Amino acid sequence: MNPAVIASVETMLEKWKGREGEEIEVFNEFRLLTSEVISRTAFGSNYLEGKKIFDMLTKLAILVSRNYFKTPIPGISKIWKTADEIESEKLANGIHDCVMEMVKRREKKVETGEADGFGNDFLGLLINAYRDFDEKNRFSIEDLVDECKTFYFAGQETTNSLLAWTILVLAIHTKWQEKTRQEVFEVFGDQNPNSEGIAKLKIMNMVVNETLRLYSPVAAVIRKIKKEVRLGKLVLPANLEILIPIIALHHDPQLWGDDVHLFKPERFVEGIASATKYNSAAFIPFSMGPRSCVGMSFATTETKVALSMILQRYAFTLSPTYVHAPFPVITLQPQHGIQVTLHPL
């Protein structure tokens, strides 16, 4: 997927030419970038084609966040619906229709002989599962649409968040920005990043891990207990939902020390195990165990590719107009954006 990521980053950087010395709001810039990357790599389309779905998913995420802790009265929604419920249903139906349009286009190409298969990207694999001859393995249409929603949203929002917060900490801590830039030039020179080189970026890896600790894209995860289980001194009954506050774990001085709120990438110099004192649950930006995020490598690699290409061309400083206000809307976002000034190298 690296060539598609590089092509999308090059498009973004081309737009930045002529804006040197100007203020750029990178959170929105990276939203366009990561949207195009997930569209290209997973759905074989471009950003404009996926824009409608992204816009609806973003609105849906805001509605979900706003109503997350409200307890519905059973049966009441059959008689009376709130404005948010009506809007959510409208958005869900709109997303369903957009996904089905993409599916039908692929099916039509196969039927007319224009293509000999549904494709080997994520959407193609989903359609194959939807059309599977074995009923036990076959996806329902709801499965297909829900997987597309998850991949579109999670594949874009998390990387967007991580990239933006990484630029913020490097704009503030310019010594680390310079260290990371030197490493990028040592590994790639002025060439585009490649998979082998990405694995050698130790300083960048430390910076990304420390950003994931301080500004974890996913603030918390919820898990449902299937059967009664003992957790320390507690006995938790079946069907209980527990919330795991990732940000609280990542900012716990008992786990990380008194400098927990400081940006110190050197904590990861000997890897995650050493940084967490071999407590694997202390650092879980992508969850852990069987439920760890399937897109972890995708998100971190995309971040490192984009960051490398930016560092090869620009130094950047934080704009005086920046207001620090992280807030969680499914993912951790900068409420007023992240404004930086670009300085060409």
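Residue indices begin at 1 and follow the sequence shown. In this text the structure is predicted, and so the values were computed from the model without any measurement.
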Grab the two heavy atoms, one from [X] and one from [Y], that are nearest each other, plus how far apart they are.
X    : Y    : value
C98  : I53  : CB-CG1, 3.6 Å
D134 : K136 : OD1-N, 3.0 Å
F151 : A42  : CD2-CB, 4.0 Å
A220 : P245 : CB-CA, 4.0 Å
F27  : A164 : CD1-CB, 3.6 Å
F298 : G155 : CE2-O, 4.1 Å

For [X], check side-chain contact (heavy atoms from CB on, under 4.5 Å) against everything at least two apart and list the hits.
X    : answer
R223 : V221, I242, I244, S287, R291
A238 : none
K264 : E210, D259, L262, E266, R267
S88  : L60, L63

Got [X] and [Y] here, is their nearest side-chain heavy-atom distance under 4.5 Å?
X    : Y    : result
V207 : Q177 : no
I167 : V340 : yes
Y314 : E20  : yes
I198 : F188 : yes
Q335 : P326 : no
V208 : M204 : yes
V26  : F316 : no
R131 : E107 : yes

Can you tell me how far the [atom1] atom of [X] sits from the [atom2] atom of [Y], to the nearest 0.5 Å?
X    : Y    : atom1 : atom2 : answer
L91  : I62  : CG    : CD1   : 10.0 Å
C148 : L57  : SG    : CG    : 10.0 Å
K202 : E183 : NZ    : CD    : 9.0 Å
L13  : E29  : CG    : CD    : 9.5 Å
L170 : W165 : CG    : CH2   : 13.5 Å
M206 : L201 : CE    : CG    : 12.0 Å

Output yes when a side-chain donor or acceptor of [X] lies under 3.5 Å from a complementary backbone atom of [Y], and no otherwise.
X    : Y    : answer
S216 : R213 : no
H96  : A92  : no
D132 : A129 : no
R313 : P344 : no
S161 : E157 : no
Q312 : V184 : no
N160 : R31  : yes

For the residue pair W256 and F268, categorise the inter-ring angle as parallel (less than 30°), tilted (30 to 60°) or perpendicular (more than 60°).
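Ring orientation of W256 relative to F268: tilted.
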
Just to verify, what does [X] make a side-chain hydrogen bond (donor to acceptor under 3.5 Å, both in side chains) with, not counting sequence neighbours?
X    : value
Q182 : none
E228 : none
Q339 : none
H336 : none

Could you see if [X] belongs to whatever hydrophobic cluster contains [Y]? Use Ile, Leu, Val, Met, Phe, Trp, Tyr and a side-chain cutoff under 4.5 Å.
X    : Y    : answer
V229 : L234 : yes
L318 : L311 : yes
I246 : V294 : no
I222 : F286 : yes
V235 : L240 : no

Kindly write out the residues that satisfy salt bridge (Lys or Arg N to Asp or Glu O under 4.0 Å) with E135, not counting sequence neighbours, or none if the list is empty.
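Per chain and number, E135 pairs via salt bridge (Lys or Arg N to Asp or Glu O under 4.0 Å) with no residue.
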
F283 ring center within less than 6.0 Å of H250 ring center:
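Yes, the ring of H250 comes within the 6.0 Å limit of the ring of F283, centre to centre.
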
Please list, one pair per line, the donor and acceptor atoms closer than 3.5 Å that link side chains of residues 270-277 to other protein atoms, with sequence neighbours excluded.
residue, atom, partner, partner atom, Å
T276, OG1, I272, O, 2.9
T276, OG1, A273, O, 3.2

Quickly, which of L307, T303, T331 forms a side-chain contact (heavy atoms from CB on, under 4.5 Å) with L162? Name it, please.
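Testing L162 for a side-chain contact (heavy atoms from CB on, under 4.5 Å) against L307, T303, T331 leaves exactly one candidate, T303.
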
Can you establish whether the number of heavy atoms outside D258 located under 6.0 Å from its atom CG is more than 12?
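Atom CG in D258 is not crowded, with 12 or fewer foreign heavy atoms closer than 6.0 Å.
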
Kindly check if the number of other-residue, nucleotide or ligand heavy atoms within 6.0 Å of CE (M296) is above 12?
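Count not over threshold, so no.
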
Electrostatic pair [X]:[Y] at N-O distance under 4.0 angstrom:
X    : Y    : value
D55  : K52  : no
R40  : E36  : yes
E178 : R181 : yes

Residues 111-127 side chain polar contacts: donor-acceptor under 3.5 Å, at least two apart:
residue, atom, partner, partner atom, Å
T112, OG1, K108, O, 3.0
T112, OG1, K109, O, 3.3
D121, OD1, R106, NH1, 3.0
D121, OD1, G124, N, 2.9
D121, OD2, G44, N, 3.2
D121, OD2, R106, NH2, 2.8

For E87 and K59, what are the C-alpha separation, side-chain angles and deciding distance, and is it a salt bridge (Lys or Arg N to Asp or Glu O under 4.0 Å)?
CA-CA 9 Å; E87 179 67 8; K59 288 175 187 171; 5.7 Å; no

Does any donor atom in the side chain of [X] or [Y] lie under 3.5 Å from an acceptor atom in the other side chain?
X    : Y    : answer
E302 : N2   : no
K304 : N205 : yes
S319 : E23  : yes

Quick one: hydrophobic cluster around L345, which other residues, with the 4.5 Å side-chain cut-off, linked directly or via members?
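F185, all in the cluster of L345.
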
